[in-house]
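Below: the structure, in structure tokens.
Only this structure's heavy atoms are used, side chains among them; waters, hydrogens and symmetry mates stay out. These numbers come from a predicted model, not from an experiment.
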Amino acid sequence: MIILSLLLMLGGLFIINAIYAYQNKNIDPDFLSTLWYYIKVLPFFLSASMMIGYGVKFLTKIVDNLTFSLIASKGIEIFVSVAIGYLFLKEVPNWRTGVGIIIILIGFLVLKGK
């Protein structure tokens, strides 16, 4: 069940971040173009939101700690953001990205160690 919850969160967060990255790179910034883009991707937002919601719900049931589940979701989002940045914008993470991720992982350990 923990793998399912993590995969749901990962999938949902990947979809949402990919939508924003694609918009940033390929959609004209005028209002009507952006509105039409969001109308077309609305089903993806809905499914991604449900995936994240169920992922957090299942993880909360397992660890019995909503705070940990939400922070885990944010941690996954950081990894997804780094991956999306590389895939869409060819941004290569540097040493500061690695240090930031290590700090976040230490925070997870501190929180879970309560």
Side-chain angles (χ1 to χ4, degrees):
M1 187 81 125
I2 194 164
I3 299 296
L4 175 63
S5 65
L6 294 175
L7 286 175
L8 283 169
M9 285 190 283
L10 181 67
L13 290 165
F14 190 85
I15 290 169
I16 288 176
N17 282 288
I19 288 170
Y20 287 128
Y22 183 84
Q23 175 198 353
N24 188 31
K25 189 168 183 172
N26 298 311
I27 303 299
D28 188 31
D30 72 69
F31 179 75
L32 291 178
S33 297
T34 303
L35 177 63
W36 180 238
Y37 173 70
Y38 279 113
I39 288 171
K40 290 190 286 188
V41 297
L42 192 60
F44 294 104
F45 271 118
L46 177 63
S47 61
S49 180
M50 290 185 70
M51 290 168 73
I52 295 167
Y54 274 107
V56 169
K57 182 177 184 163
F58 292 157
L59 188 60
T60 301
K61 274 186 169 181
I62 294 166
V63 298
D64 197 32
N65 188 337
L66 178 61
T67 303
F68 177 80
S69 299
L70 293 172
I71 292 173
S73 174
K74 292 299 176 193
I76 292 169
E77 186 171 8
I78 290 170
F79 284 108
V80 168
S81 297
V82 170
I84 292 289
Y86 179 75
L87 291 173
F88 279 87
L89 304 172
K90 303 300 182 224
E91 294 176 351
V92 179
N94 58 25
W95 67 271
R96 289 178 290 191
T97 307
V99 170
I101 290 173
I102 289 170
I103 291 170
I104 290 167
L105 291 174
I106 291 169
F108 286 149
L109 295 174
V110 169
L111 178 68
K112 190 59 181 153
K114 279 187 171 183

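L46 and I39 are members of different hydrophobic clusters when ILVMFWY side chains are connected at heavy-atom separations under 4.5 Å. Cluster membership for W95 and I103, using ILVMFWY side-chain heavy atoms within less than 4.5 angstrom, is shared. By the rule that hydrophobic residues join a cluster once side-chain heavy atoms approach within less than 4.5 Å of another member, W36 and F44 end up as members of separate clusters. By the rule that hydrophobic residues join a cluster once side-chain heavy atoms approach within less than 4.5 Å of another member, V41 and L32 end up as members of separate clusters. Each of V99 and I106 belongs to its own hydrophobic cluster when Ile, Leu, Val, Met, Phe, Trp and Tyr are linked at side-chain heavy-atom distances under 4.5 angstrom.
A distance of 12.0 Å separates CG of L35 from CD1 of I27, quoted to the nearest 0.5 Å. To the nearest 0.5 Å, atoms CD1 (I3) and CG (L10) are separated by 11.0 Å. To the nearest 0.5 angstrom, M1 atom CE is 6.0 Å from I62 atom CD1. The structure places CG of L13 at 10.5 Å from CD1 of I78, a figure rounded to the nearest 0.5 Å. In this structure, CD1 in I71 is found 11.5 Å from CG in L59, a value given to the nearest 0.5 Å. Distance CZ/F79 to CG/L105: 5.0 Å, rounded to 0.5 Å.
In this structure, S5 contributes its side chain and F58 its backbone to no donor-acceptor pair below 3.5 Å. Formation of a donor-acceptor pair under 3.5 Å by the S47 side chain with backbone atoms of P43 is found in this model.
Contact record, M9 with S73: SD-CB, 3.6 Å, taken as the closest heavy-atom pair. For the pair T34 and Q23, the tightest heavy-atom approach, listed with the atom from each and the gap, is CG2-NE2, 3.5 Å. In plain terms, the two heavy atoms of A48 and G12 that are nearest each other are CB-O, 3.5 Å. The minimum heavy-atom distance linking K90 with L87 is given by the pair NZ-O, 3.3 Å.
Each of F45, F14, Y37 was scored for a ring-ring contact (aromatic ring centres under 6.0 Å, His included) with Y20, with one residue passing: F45. Considering V92, V82, I102 in turn, V82 is the only one that fulfils the side chain to side chain contact (heavy atoms under 4.5 Å, CB included) rule with T97.
Side-chain contact between I52 and S49 is absent, with no heavy-atom pair separated by less than 4.5 Å. Between V56 and L66, some side-chain heavy-atom pair lies under the 4.5 Å cut-off.
When the shell of 6.0 Å around OH of Y54 is examined, it contains 12 or fewer heavy atoms from other residues, nucleotides or ligands. No more than 12 heavy atoms of other residues, nucleotides or ligands lie within 6.0 Å of CG in D64, so this atom counts as exposed by the packing criterion.
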